[in-house]
Each structure stands twice: as structure tokens, then as C-alpha cells.
Amino acid sequence: MQLGKVIGRVWASVKNPGLEGQRLLIVQPVRPDLTPHGKPLICTDSTGAGAGEIIYWVRGREASFPFLPGEVASDATIVGIVDELHLGKKREAQC
């Protein structure tokens, strides 16, 4: 799973029948400190996430699992909405 931030939404009037009724969101991958990391991508949404929310997403075969037994043609899917992040303190370099 990877962290991301929802930055937009896609409307498509023509799409694969397997994507009918699926929400498509634009996600910016982020690091744990929430700085952008990599190029934005399009994800199907299994959670009801909205613009500006921090989410976690999966890629590959696992991206279709939230829609089983349906067969959704998806390469990336939002599978959770993040409520809080707790980062450990950075260790100081020891000499």
C-alpha cells in the first residue's frame, strides 16, 4: 500500500463496461511526510474518498480485489482513507 492525496476527479462518458458506476480519482502519491512523490495517477475508488483527502492505494492485481466478485478493469485503487499519521522522530546521526 502507498500513501496519496486526492487532487481531482475524472469524468468519462465512454469507458470499459467493467468501469460503469466506478469513481475515477486523480491521486498524487506522497511520502509519509506528505511531500509529493512521483507522477499523479488515476485510481478507482472503493472508499468514497474526496478531494484533498489523504488515502492509501494499491496497484496491480490487488487493485481489483475490493470489487470482487465484480470484474473491474483497474490498475490502481484507493482502499482506505487516512484519519491520522504518526511519524516516529528521526534518529540523530551518531558518531
Side-chain angles (χ1 to χ4, degrees):
M1 286 185 264
Q2 300 183 47
L3 287 173
K5 181 176 183 179
V6 177
I7 60 172
R9 187 172 182 177
V10 175
W11 278 268
S13 57
V14 178
K15 54 190 168 188
N16 181 289
L19 290 172
E20 289 295 327
Q22 300 299 325
R23 296 178 66 220
L24 301 174
L25 300 177
I26 303 170
V27 171
Q28 172 63 59
V30 297
R31 294 183 178 98
D33 65 358
L34 303 183
T35 58
H37 179 68
K39 297 179 181 177
L41 67 152
I42 308 298
C43 292
T44 51
D45 179 31
S46 67
T47 64
E53 288 192 289
I54 303 299
I55 52 89
Y56 51 96
W57 57 280
V58 294
R59 171 173 265 171
R61 182 178 175 167
E62 291 81 9
S64 64
F65 289 177
F67 305 107
L68 290 174
E71 295 182 9
V72 175
S74 177
D75 188 41
T77 298
I78 297 170
V79 293
I81 299 172
V82 176
D83 294 322
E84 295 181 30
L85 284 173
H86 297 275
L87 300 176
K89 292 182 181 179
K90 289 185 178 178
R91 292 184 180 178
E92 294 183 22
Q94 297 180 2
C95 298

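If you're wondering where the values come from, they're calculated on a predicted model, not measured in any experiment.
- In this structure, Leu3 CG and Ile55 CD1 are separated by 7.5 Å, a value rounded to the nearest 0.5 Å.
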Show me the donor-acceptor pairs within less than 3.5 Å that the side chains of residues 9-16 make with the rest of the protein, sequence neighbours left out.
from, atom 1, to, atom 2, distance (Å)
Asn16, OD1, Gly18, N, 2.6

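- No single ILVMFWY cluster, assembled from side-chain heavy atoms under 4.5 Å apart, contains both Trp57 and Ile7.
- Taking Glu62 as the reference, Val58, Phe65 meet the side-chain contact (heavy atoms from CB on, under 4.5 Å) condition, with sequence neighbours excluded.
- Among pairs with a residue in residues 43-56, those fulfilling salt bridge (charged side-chain N to carboxylate O under 4.0 Å, His left out) read Arg23-Asp45, at least two apart in sequence or across chains.
- Scanning for side-chain contact (heavy atoms from CB on, under 4.5 Å) contacts around Pro36 gives Gln28, with sequence neighbours left out.
- Leu41 and Ile26 are assigned to two separate hydrophobic clusters, defined by single-linkage of ILVMFWY side chains at heavy-atom distances under 4.5 Å.
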CA sep, side-chain torsions, deciding dist, call: Ile54, Lys5, side chain to side chain contact (heavy atoms under 4.5 Å, CB included): CA-CA 5 Å; Ile54 303 299; Lys5 181 176 183 179; 3.9 Å; yes
Please set out all donor-acceptor pairs under 3.5 angstrom arising from side-chain atoms of residues 66-88, sequence neighbours excluded.
from, atom 1, to, atom 2, distance (Å)
Ser74, OG, Thr44, OG1, 2.9
Ser74, OG, Ala76, N, 3.4
Ser74, OG, Ala76, O, 2.9
Ser74, OG, Thr77, OG1, 3.1
Thr77, OG1, Thr44, OG1, 2.7
Thr77, OG1, Ala63, O, 2.5
Glu84, OE1, His86, NE2, 2.9

